[in-house]
Amino acid sequence: MSAAAPLSALAALLGPRGLITDPADIAPYAEDWRHLYRGHPPAVLRPASTAELAAAVRICAEAGLGIVPQGGNTSMVGGATPSARGDEVVLALSRLNRVRAIDPVDLTLTIEAGATVKAAQDAAAQAGCQLPLSIASEGSATIGGVLSTNAGGNMTLRYGNARDLVLGLEVVLADGRVWEGLRQLRKDNTGYCLRQIFLGAEGTLGIITAAVLKLVPAPRQRAVAFATLPSPEAALSFLTRCQRHDQAALVAFEYMDRHGMALVLQHIPDTQLPLAAAPHYALIEFASARTEAGFTEAVEEMIAQAIAAGEVIDATLAASEAQARAIWRLREEHAEAQKRAGASIKNDVSVPVSRVAEFLREAPAACAAFMPGIRVVAFGHLGDGNIHFNLRPPETMAEAEFLAQDHAVMDAVLGVVRRLGGSFSAEHGVGRLKTYLMPEWRGGVELDLMQALKAAFDPRGLLNAGKIFP
Ligand code: MLT
Ligand code: ZN
């Protein structure tokens, strides 16, 4: 349908700050972070309040105009990019970014969807608390985005995925009605848990405009260590040792292989390895609100035992906040380093934690059998069984030729994932990139139920069309 009529109504509602129609200003909203997709939205809507957003949705709904909600536009799977047909507007949440309340007794933060994850973390810290959610893109990614995609990240091991941190939601529905579900309750057993239906729904069922998030008391001590490891099996044994040491304090167990580390050292300024190079690396963090002495020393002792057992080759504990940051950068810059190195095919997969070493052995072999010379970059949240298993073309192959085979390359990896009882998307979601996998992996009853929910919440299919469903 033509967007001209709703656009003039939207202009009257949102004013000049709230509506972008200049193609040059629209451009950054039209393309995804990985440059896989480019859409042609006739406009970007930037409402300043939930009421304004709801009124804008009503205008779009009346006109049958599609809506693509967008937070920080950091999706790895094209989850927030509009279609190229010009029949969908982008709904940017960036002006809904206020902290509405923070309660250190309830340990909750009520915050609007357009606030960045970093802003939410800072608000929590100011109240002596911590938002236990951390992802590499937290400076740009927004609360609405991470909740809509049920992001995982670096602390899932201890605190769960984004959906585990939500007590309440405010959501604008496809017809412009508002569900005011911003409850602050730790217990509320009153029928279906509606918030969980919107969490991880990738903006296809409603638009999250605010949330009540769970906080924890701010940690008082932290031990961040970087270790070199001889093998994937050693990494798994070391994880088990860390869990037995102090599961309540183990907040991160991250894995990196030598290929990904080499890219970070090559492409990211001011990075250096604190130890001699090795085939495998781990970053571990223990954190606690307890104050008793000996916390770090106990971690040191546990690592010494891991070295004696042959699980760890060598390790270093950060002696300052700056050193901890430097160690974390080696892990968090992996995605950026890979982007700078050129094209890659990303697999965000999970397997049961107990099978992660098998995966790290078998998936590279399966890929090499399919395409000799293919270059593997494996890293990620080993403590959750979630590996980012990314592939680069053989030295001699052109990027375009490589990318044209993305499904076949992914199939080689996913064959191993399936055999080990895993998932084709652990934390990045389905977006647009992986819709084709849904019938095979989630078909039958599961996809039927998802489609029934979609029909109930968004019968005309106006919200983030083309995502999740094939
Ligand atoms: C990460 O954990 O760094 C991200 O999920 C990024 C990626 O998969 O490349
Ligand atoms: Zn990740």
Side-chain angles (χ1 to χ4, degrees), residues 32-36 71-80 116-118 132-142 145-164 200 202 251-257 259-264 267-268 271 281-285 325 327-351 353 356 359-360 363 375-392 403 406 409-410 413-414 417 422-431 433-434:
D32 68 311
W33 186 82
R34 293 179 62 193
H35 310 301
L36 295 178
N73 201 14
T74 56
S75 175
M76 295 279 179
V77 289
T116 62
V117 173
K118 178 73 171 65
L133 174 76
S134 168
I135 57 173
S137 57
E138 63 201 21
S140 324
T142 60
V146 296
L147 298 186
S148 295
T149 55
N150 181 33
N154 302 331
M155 290 197 274
T156 306
L157 172 64
R158 172 69 182 83
Y159 296 104
N161 292 296
R163 67 164 74 254
D164 300 306
E202 303 191 26
V251 294
F253 190 109
E254 297 286 315
Y255 168 82
M256 294 147 277
D257 74 3
H259 308 290
M261 188 61 81
L263 295 181
V264 170
H267 294 283
I268 307 293
T271 50
Y281 302 94
L283 182 164
I284 59 167
E285 175 165 337
R325 261 320 314 142
I327 290 175
W328 264 111
R329 276 189 80 219
L330 292 174
R331 164 62 187 88
E332 292 201 317
E333 293 288 0
H334 265 65
E336 183 62 34
Q338 245 203 297
K339 188 173 167 178
R340 291 184 193 177
S344 65
I345 297 172
K346 283 179 185 277
N347 292 277
D348 164 40
V349 301
S350 61
V351 294
V353 176
V356 81
F359 173 77
L360 286 170
R375 290 173 291 173
V376 171
V377 173
F379 63 95
H381 319 288
L382 187 142
D384 313 316
N386 173 194
I387 299 295
H388 300 305
F389 193 81
N390 300 339
L391 297 152
R392 303 176 62 222
L403 292 178
D406 60 344
V409 170
M410 277 154 85
V413 178
L414 294 178
V417 173
S423 169
F424 70 86
S425 180
E427 60 173 9
H428 294 169
V430 180
L433 184 63
K434 298 185 178 168

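The figures here come from the full heavy-atom set of this structure, side chains too, leaving out hydrogens, waters and symmetry mates. Order of appearance sets the numbers: ligands from 1, and atoms from 1 within every ligand.
- Residues Val146 and Ile135 come closest through the heavy atom pair CG1-CD1, 3.7 Å.
- Listed by atom number, the atoms of ligand 1 under 4.0 Å from His381 heavy atoms are 2 (O).
- Taking CZ of Phe424 as the reference point, atom CE of Met410 lies at 8.5 Å (rounded to 0.5 Å).
- The main-chain N or O of Asn150 is never found under 3.5 Å from a side-chain atom of Asn161 such that the two would form a donor-acceptor pair.
- The nearest protein atom to atom 9 (O) of ligand 1, hydrogens excluded, is given as Lys346 NZ, 2.8 Å; this is a heavy-atom distance.
- Heavy-atom proximity to Arg331, at under 4.0 Å, picks out these atoms of ligand 1: 1 (C), 2 (O), 3 (O).
- The atoms of ligand 1 that sit less than 4.0 Å from any heavy atom of Glu427 are 2 (O), 5 (O).
- Take the Zn ion (ligand 2) and draw a sphere of radius 2.8 Å; the protein N/O/S atoms inside it number 3.
- Residue Phe379 approaches ligand 1 through these ligand atoms, each under 4.0 Å from one of its heavy atoms: 3 (O), 7 (C), 9 (O).
- Counting heavy-atom neighbours within 6.0 Å of Lys339 NZ, excluding the residue itself, gives a total above 12.
- Side-chain contact check for Phe379 versus Arg331: some heavy-atom pair is nearer than 4.5 Å.
- Under the side chain to side chain donor-acceptor pair (under 3.5 Å) test applied with Asn390, the options His259, Gln338, Arg375 reduce to a single match, Gln338.
- Looking at every heavy atom in both residues, Thr271 comes nearest to Arg329 through CG2-NH1, 4.0 Å.
- On a distance-only criterion, Glu332 and ligand 1 share no N/O pair closer than 3.5 Å.
- Within the 3.5 Å criterion, the main-chain N or O of Val77 finds a donor-acceptor partner in the side chain of Ser75.
- For the residue pair Ile268 and Arg340, the shortest heavy atom distance occurs at CD1-NH1, 4.0 Å.
- To the nearest 0.5 Å, the span separating CG on Leu133 from OG1 on Thr156 amounts to 7.5 Å.
- Which parts of ligand 1 touch Met76 is read off a 4.0 Å heavy-atom cut-off, strictly below it: atoms 6 (C), 7 (C), 9 (O).
- If you check which protein heavy atom lies closest to atom 8 (O) of ligand 1, you get His428 CE1, 2.9 Å.
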